[in-house]
Amino acid sequence: MPPNTVLVAITAIVVLYLAFRFIPGLQARSVLTLLLLGLIGFFLVITVAEMPPFGEPGNPDYNEIPQRFLERGVTETGAVNVVSGIILDYRAFDTFGEVTVLFTAIAAVVAALKAHQ
């Protein structure tokens, strides 16, 4: 982890701590919510800092897999549309996971909106 990422994370934690300490009327639930959001933000910052640089030839998106999908996708999957073959045959489990996440998000939004009516 780069040193400046650690510095940003420590600064964010200190700022959150000071905000919680000096803002009157904060309840434990709101403090817990803000801490959880700060933790999620911390992990997002670390994840972005660890990503490979954009455009380098050694990055994972510059390998032989996309070339194979385009060259042999129609014959291996039997689909007329290459994109449909990739999504429904090669990446079926990934697509199922994405659909599950979207359904869970929609259910959470509907539950939150119904709770406030």
Side-chain angles (χ1 to χ4, degrees):
M1 180 171 7
N4 52 353
T5 305
V6 174
L7 183 63
V8 169
I10 290 173
T11 305
I13 291 171
V14 169
V15 168
L16 283 173
Y17 173 74
L18 292 174
F20 295 147
R21 186 165 176 94
F22 295 113
I23 296 176
L26 277 181
Q27 297 175 352
R29 183 175 179 175
S30 61
V31 170
L32 183 63
T33 302
L34 289 175
L35 281 175
L36 182 63
L37 288 174
L39 184 65
I40 291 170
F42 173 73
F43 283 117
L44 287 175
V45 167
I46 289 176
T47 302
V48 170
E50 294 294 322
M51 289 176 61
F54 182 75
E56 283 194 8
N59 285 352
D61 58 342
Y62 295 117
N63 58 26
E64 67 276 355
I65 301 298
Q67 189 67 29
R68 178 182 170 170
F69 285 170
L70 292 175
E71 290 174 355
R72 295 191 247 165
V74 174
T75 57
E76 288 181 352
T77 63
V80 178
N81 188 343
V82 176
V83 175
S84 297
I86 290 170
I87 291 174
L88 296 174
D89 199 1
Y90 293 123
R91 299 182 50 121
F93 287 120
D94 184 46
T95 303
F96 179 69
E98 292 169 359
V99 169
T100 303
V101 167
L102 288 174
F103 176 76
T104 305
I106 291 170
V109 168
V110 168
L113 289 176
K114 284 192 175 188
H116 291 290
Q117 286 181 353

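Keep in mind that the numbers below use all heavy atoms, side chains included, and drop hydrogens, waters and symmetry copies. As the structure is a prediction and not an experimental result, all values here were calculated from the model.
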Checklist outcome for this item: CG of L70 to CD1 of I65, rounded to nearest 0.5 Å, is 11.5 Å
Checklist entry - To the nearest 0.5 Å, how far apart are CZ in F42 and CD1 in I46? => result 3.0 Å
Of the non-hydrogen atoms in [X] and [Y], which two are nearest, and what is the gap between them?
{"X": "G73", "Y": "T77", "result": "O-OG1, 2.6 Å"}
{"X": "I87", "Y": "T95", "result": "O-OG1, 3.2 Å"}
{"X": "I86", "Y": "F69", "result": "CD1-CB, 3.7 Å"}

Checklist entry - Is there any salt bridge (Lys or Arg N to Asp or Glu O under 4.0 Å) pair reaching into residues 96-107, and which pairs are they, with sequence neighbours excluded? => result none
Checklist entry - Tell me the salt bridge (Lys or Arg N to Asp or Glu O under 4.0 Å) pairs involving residues 33-44, sequence neighbours left out? => result none
Checklist outcome for this item: Only one of T100, L102, V101 passes side chain to side chain contact (heavy atoms under 4.5 Å, CB included) with T104, and that residue is T100
Checklist entry - So if you build clusters from Ile, Leu, Val, Met, Phe, Trp, Tyr with side-chain heavy-atom gaps below 4.5 Å, do V82 and L88 land together? => result no
